[in-house]
Peer 1: 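Following this message is one structure expressed as structure tokens.
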2 protein chains.
Amino acid sequence: MPVTLKELAARANVHPSTISRVANNDPGLRIASATRSRIEALLRETGYRPNGIARGLKMRQTNVLAVVIPDVTNPFFAALFRGVEDAAAPRGFNVLLCNTDGLPERQRSHLESLQARRVDGVIVASSFLKDPSVRELREQKGPYVLVNRFSDEGEDPFVGSDDLLGGQLATAHLIELGHTRIGHLAGKSTVSTGMLRRRGYLAAHTAAGLPVDPGLTVEAGYTEESGAVATRRLLSVDDPPTALFAVTDMVALGAAEVARQMGFRIPEDLAIVGYNDIPLASRVSPGITTMHVPIHEFGSVAARLLLDQIENDEPTRRRVRFTPDLIVRESTVAGAASSQRSRRLNFSAE
Amino acid sequence: MPVTLKELAARANVHPSTISRVANNDPGLRIASATRSRIEALLRETGYRPNGIARGLKMRQTNVLAVVIPDVTNPFFAALFRGVEDAAAPRGFNVLLCNTDGLPERQRSHLESLQARRVDGVIVASSFLKDPSVRELREQKGPYVLVNRFSDEGEDPFVGSDDLLGGQLATAHLIELGHTRIGHLAGKSTVSTGMLRRRGYLAAHTAAGLPVDPGLTVEAGYTEESGAVATRRLLSVDDPPTALFAVTDMVALGAAEVARQMGFRIPEDLAIVGYNDIPLASRVSPGITTMHVPIHEFGSVAARLLLDQIENDEPTRRRVRFTPDLIVRESTVAGAASSQRSRRLNFSAE
DNA sequence: TGCCGATGAACAAACGATTGCGCTAGCCTA
DNA sequence: TAGGCTAGCGCAATCGTTTGTTCATCGGCA
């Protein structure tokens, strides 16, 4: 059992409050230097660390943040989390990680538990456009930041990419390559990234004066498996698309695998563009052309937004939106990304 | 500000303790049914949730676990963490995630902070053979479990694989394929996995009556980059090895990339075996032959060990060791794992 | 009528820390 | 020598729960 203030006080023959003040380096503290050094010696000797629970109760601050994501084994969210922790740890915060598997019910129960725990702030990267649990966050007035996906029912603090533009750029790239029948492996229409990237896909067609075949858009969700299933459907029709824009890299990966199994050569028979530029995208073969977004920064910026809210004790409305960059690899242009890959993995001998 | 017991007590004209008893469904509680229903209505109406901090202070239990790992963006540790959370969440525990980047100093500071926070248990997957911070854990008598890597300075609760056997099986596989000059991209000798897998590598040679060239073993650490650097060194000598046993899949991946850059064909010129069977290993091309270990189970078993300790309030000494399985893929046998890959990714159309 | 036992709920002491305020000496000053 | 100032600490409330104990009330029974 760790040592408490009271015990130290007994050993030093002073009142607990005095120990507390010395331990916390209370600036306006007037104390005899003899007493001070006696206490400081005791603190060092016992390695006293204030009980964070008691401290949290009194100070109404736990120094804990929470990150709510669908699944940390998805490299996108793993990188996001690192961004959060890298920003939070130096400021003395620990971070709870909650996986929802995309289930609103698990998200709700996690959020409820986090609230009971009185975490100082929550980062949610698994929200829906209409999201009851985000609504609750909004009403509770506790610090929170939405990442990657936002909710359109209110003005929440947000960090993410310009998904409309990203969808447009990705699709425009395929159009420039001469494709006219471009399929879309869409995200869910209930999720901001799904909705916006799809709108970008449509906008690119409009801008190019290209007709859109609604039959070429299929909701593929966000996992590799669902991407694979959707692709199989899309490629089984009479007049299959010659290119695919997938809502995420994971979906693109599932698509590439299935396409290959079905005998399509990539990119000759089927070009594929993903989104997010997860590390995997550059290392599979062929490398996946994708929209690069600063995933780690998503996390660190969100954490900073949160920490600033906590320290200033006032909510923010800031919405940070990064502009995605097209990264061309072999999944759309044969031989294109070889320079990319070698750059990424060109380790020096020392 | 969430509602407190005291406020509810005032509204219900009862003492806070009565509310607490009703809310907690105190079994031996004698209460007038009128009072009970009045209170229950109030609880529902306000959605009262006890303050976890205050509760933790009184109960001396936070219902928080912590996982300390080198880096969650490494898929091995991401899967490990999921295992922990999947076992902990149903039992009402949240999980803190701490990344150390393999730095003992960061591990120490994290562990210190976790102790101050009074987390109920700690899972450490980043320990060294001689590890001062593990020694502290051991002395503090708080629940903890070591995962994947152990420390040899004491009998700690542990979950991991039989690394000696694993190293032996991996190397024996290469020997059976006819290789006689087998390189080893070793882990650090200060880490149990590094030491044991290397001993397995040696044991396999001995068992086969094969001489060991010490020049073919080089310490490669655990990252892809360090694996690449080490491989470049190993392949630059006059008489390079024809096969490589890498301490982890990440290291094997770095090796494969560099080998290819240097003009080696895999597996014809250079066969490669990894360890852990991370998802990446089966999806790169060529697929990496590797020792399969149940990563998710590492996490869930460790969590269960921890939770049992917490509930029974007594430490355990249990050491769980899984037997690793050889998975043969194209990095050692051309065309071998095509069945593997398609099995893994053979999505049904529905 | 008087006493006893149950019943229903209040009391109060923790848990360990923080912090505004008050109290006691001692010394200086007028 | 009285009054005041200040240095150096102690006091006690507080954060929100939990839980063993006590207290009041009422009904029943002799």
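Just the heavy atoms: all of them, side chains too, but no hydrogens, waters or symmetry mates, feed the values below.
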Peer 1: Would you call B/R317 and B/D156 a salt bridge, using N to O less than 4.0 angstrom?
Peer 2: no
Peer 1: Expressed in angstrom and rounded to an integer, what is the separation of A/K58 atom NZ from D/dT17 atom C1'?
Peer 2: 16 Å
Peer 1: How long is the line joining CZ of A/R118 and P of C/dA17, in whole Å?
Peer 2: 21 Å
Peer 1: Would you mind checking if A/D101 and B/R82 are paired as a salt bridge, meaning a charged N to carboxylate O distance below 4.0 Å?
Peer 2: yes
Peer 1: Rounded to whole Å, how long is the line connecting atom CD1 of A/I19 with atom P of D/dC11?
Peer 2: 14 Å
Peer 1: Give a yes or no on whether a salt bridge exists between A/R108 and A/E112, defined as a side-chain N under 4.0 angstrom from a carboxylate O.
Peer 2: yes
Peer 1: For A/L5 and C/dA14, give me the distance from atom CG to atom P, rounded to whole Å.
Peer 2: 17 Å
Peer 1: Rounded to the Å, how far apart are B/N25 CG and D/dT19 P?
Peer 2: 13 Å
Peer 1: With no hydrogens and no angle check, is any side-chain donor or acceptor of A/R117 less than 3.5 Å from a backbone partner on B/T62?
Peer 2: yes
Peer 1: Assign each of B/R55 and A/A32 to its nearest nucleotide of DNA chain D by heavy atoms, then name whichever residue's nucleotide is nearer the 5' end.
Peer 2: A/A32
Peer 1: Taking the minimum atom-to-atom distance to the side chain of B/S20, which one of C/dT18, D/dT19, C/dC11 wins?
Peer 2: D/dT19
Peer 1: Side chain of B/R30 only, heavy atoms from C-beta on: which candidate in C/dT7, D/dG16, D/dC15 is closest?
Peer 2: C/dT7
Peer 1: For B/N51 and for B/S17, locate the closest nucleotide of DNA chain D by heavy-atom distance; then report the residue assigned to the nucleotide nearer the 5' terminus.
Peer 2: B/N51
Peer 1: Please say whether the positively charged group of B/R149, taken as NZ for Lys or CZ for Arg, lies over the ring of B/Y222, i.e. under 6.0 angstrom from the six-membered ring centre and within 45 degrees of the axis.
Peer 2: yes
Peer 1: Between B/D26 (CG) and D/dT18 (C1'), how many Å, whole number?
Peer 2: 10 Å
Peer 1: Using whole Å, report how far NZ of B/K6 lies from C1' of C/dC11.
Peer 2: 14 Å
Peer 1: Any side-chain N or O of B/Y48 less than 4.0 Å from the OP1 or OP2 oxygen of D/dT17?
Peer 2: yes
Peer 1: To the nearest Å, how far apart are B/L57 CG and D/dT17 P?
Peer 2: 12 Å
Peer 1: By nearest heavy atom, map B/S33 and A/V3 onto DNA chain C; which one lands nearer the 5' end?
Peer 2: B/S33
Peer 1: In terms of side-chain heavy atoms of A/M59, which of C/dT18, D/dG16, D/dG10 is nearest?
Peer 2: C/dT18
Peer 1: Which of the following nucleotides, D/dC15, D/dT17, D/dC11, is nearest to the side chain of A/R21?
Peer 2: D/dC11
Peer 1: Closest approach to the side chain of A/T18, judged atom by atom: which nucleotide of C/dG16, D/dC9, C/dC11 is it?
Peer 2: D/dC9
Peer 1: Of the options C/dC15, C/dA10, D/dT17, whose atoms approach the side-chain atoms of B/R60 most closely?
Peer 2: C/dC15
